[in-house]
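Ligands are counted one by one from 1 in listed order, and the atoms in each one are counted from 1 as well. None of these values were measured; they are calculated from a predicted model.
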Amino acid sequence: MADNNIEKLLAWAISQLKSMPQSTDSPALDARLLLAHCLAETTTYLLTWPEKQVSEENIEAFKKLVFLRKEGRPIAHLVGQKDFWSLSLHVNTHTLIPRPETELLVEKALQLSLPETAKVLDLGTGTGAIAIALAAERKNWHLTGVDRIEQALVLARENAQYNAINNVRFTCSNWFEDIPLQTYDLIVSNPPYVESNSPFLSQGDVRFEPLSALTAGEDGMQDIKQIIPNALSYLKTGAWLLIEHGFNQANAVEACFHEHGYINVELVRDLNQLPRLTLAQKTG
Ligand code: GLN
């Protein structure tokens with residue numbers, strides 16, 4: 001290939017990705033992320049050294065990734081990594097790719113006034129994103145992340161180690177099913193909550209993520225409706241349950257919390273003013 005410098009390779013990739021607009025709405029950024037990954041460099045490096053020649057081997061690897069992106073494969077899967085909070089997390093096809101909107105959950109959890117050595121449970125931990133982020137911010141908290149998918153646990157443990165976080169452990173359970181009875185100061189979850197017939201499931205990156213991590217029955221409430229009542233046995237008096245949900249599920253989630261006797265139900269909106277989290281306290 002004659003066009004073997006960084007600038008030309010990026011231009012080629014952008015034109016490829018633009019020809020499949022349903023695959024990505026950020027062709028230039030995607031091209032940079034993929035090339036940076038192949039060269040084991042930062043995207044800043046690419047902008048600084050547009051004239052640098054790229055080896056045949058790296059060009060081949062890059063072309064492969066660009067074609068996969070054209071098919072719609074998520075960037076996070078192609079580079080095997082996603083930034084979340086202050087962390088760099090490994091990702092694979094067994095779990096949801098951590099979303100920036102879930103950082104709001106981490107932020108809210110950190111604002112709660114909890115004991116110095118709080119025991120915190122993360123249900124459906126996936127890559128471990130939430131549990132590891134909380135553990136990184138609060139070195140004296142004891143985090144437990146659970147997931148029913150073994151491959152997710154392998155990934156989550158790897159992520160904790162990769163980010164040098166020691167105050168988190170991961171165990172296998174389908175929601176509370178295999179968690180020994182004990183009480184926590186805070187339970188958090190980003191459960192599946194997408195409606196099973198959502199048209200949005202056939203668009204973009206979600207097509208390549210496990211449906212089991214995304215959908216929860218026709219109204220998307222199936223798992224949340226299990227978690228809210230079952231959490232009561234695992235919460236201390238005054239402890240919080242904090243859940244991420246769809247922006248159209250706030251009323252249903254609030255009603256479910258009230259139905260099961262929780263108090264201080266609070267809704268949290270994101271920067272677009274969409275209601276994306278609800279938390280509530282177990283009463284005595
Ligand atoms: N917010 C995610 C999405 O938009 C859904 C994540 C989930 O179901 N927990 O795809």
Side-chain angles (χ1 to χ4, degrees), residues 22-26 72-78 82-85 87 89 91-109 121-134 145-149 151-153 155-156 159 170 173-176 187-228 230-231 241-254 256-257 267-279:
Q22 70 277 33
S23 302
T24 172
D25 51 15
S26 53
R73 300 256 164 206
I75 290 287
H77 286 167
L78 298 178
K82 176 82 183 175
D83 287 342
F84 178 84
W85 198 252
L87 313 164
L89 298 174
V91 296
N92 62 34
T93 52
H94 294 296
T95 74
L96 204 70
I97 299 166
R99 310 281 205 264
E101 61 259 33
T102 302
E103 292 177 346
L104 185 65
L105 187 152
V106 173
E107 213 176 298
K108 187 66 200 179
L121 181 67
D122 174 21
L123 290 173
T125 196
T127 56
I130 298 171
I132 299 171
L134 293 176
V146 302
D147 207 288
R148 73 182 169 83
I149 311 284
Q151 293 98 325
L153 296 168
L155 185 66
N159 278 327
F170 294 99
S173 177
N174 181 19
W175 302 130
F176 291 101
I187 299 177
V188 296
S189 186
N190 173 20
Y193 54 72
V194 177
E195 298 87 347
S196 54
N197 59 0
S198 168
F200 156 82
L201 292 167
S202 54
Q203 296 163 20
D205 288 6
V206 291
R207 290 171 297 164
F208 299 90
E209 293 178 293
L211 264 186
S212 63
L214 287 162
T215 62
E218 252 172 59
D219 62 356
M221 287 290 297
Q222 197 173 279
D223 292 297
I224 291 176
K225 281 182 174 161
Q226 252 195 67
I227 293 169
I228 290 178
N230 292 340
L241 173 60
L242 169 57
I243 297 182
E244 179 178 319
H245 51 73
F247 65 87
N248 54 350
Q249 291 164 336
N251 290 342
V253 174
E254 184 184 356
C256 189
F257 270 124
L267 186 68
V268 182
R269 291 174 186 275
D270 65 15
L271 289 175
N272 298 317
Q273 292 310 309
L274 294 173
R276 295 309 311 273
L277 303 173
T278 300
L279 65 160

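For D223, the salt bridge (Lys or Arg N to Asp or Glu O under 4.0 Å) criterion is met by no residue, not counting sequence neighbours.
L87 has its side chain out of reach of N159: every pair of non-hydrogen atoms, C-beta onward, lies at least 4.5 Å apart. In this structure, the side chains of H245 and L267 come closer than 4.5 Å at one or more pairs of heavy atoms.
For A156 against F170, the heavy-atom pair with the smallest separation is O-CE1, 3.5 Å.
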Polar pairs, ligand 1 vs protein, N/O only, below 3.5 Å.
unit_1, atom_1, unit_2, atom_2, d
ligand 1, 1 (N), E101, OE2, 3.3
ligand 1, 1 (N), Y193, OH, 2.8
ligand 1, 8 (O), Y193, N, 3.2
ligand 1, 8 (O), L214, O, 3.3
ligand 1, 9 (N), N190, OD1, 2.8
ligand 1, 9 (N), P191, O, 2.7
ligand 1, 10 (O), R99, NH2, 2.8

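Of the residues listed (L153, N174, L121, D122), the one engaging V146 in a side chain to side chain contact (heavy atoms under 4.5 Å, CB included) is L121, and it is the only one.
At a cut-off of 3.5 Å, with distance as the only test, no side-chain donor of H77 or T93 sits close to an acceptor on the other residue.
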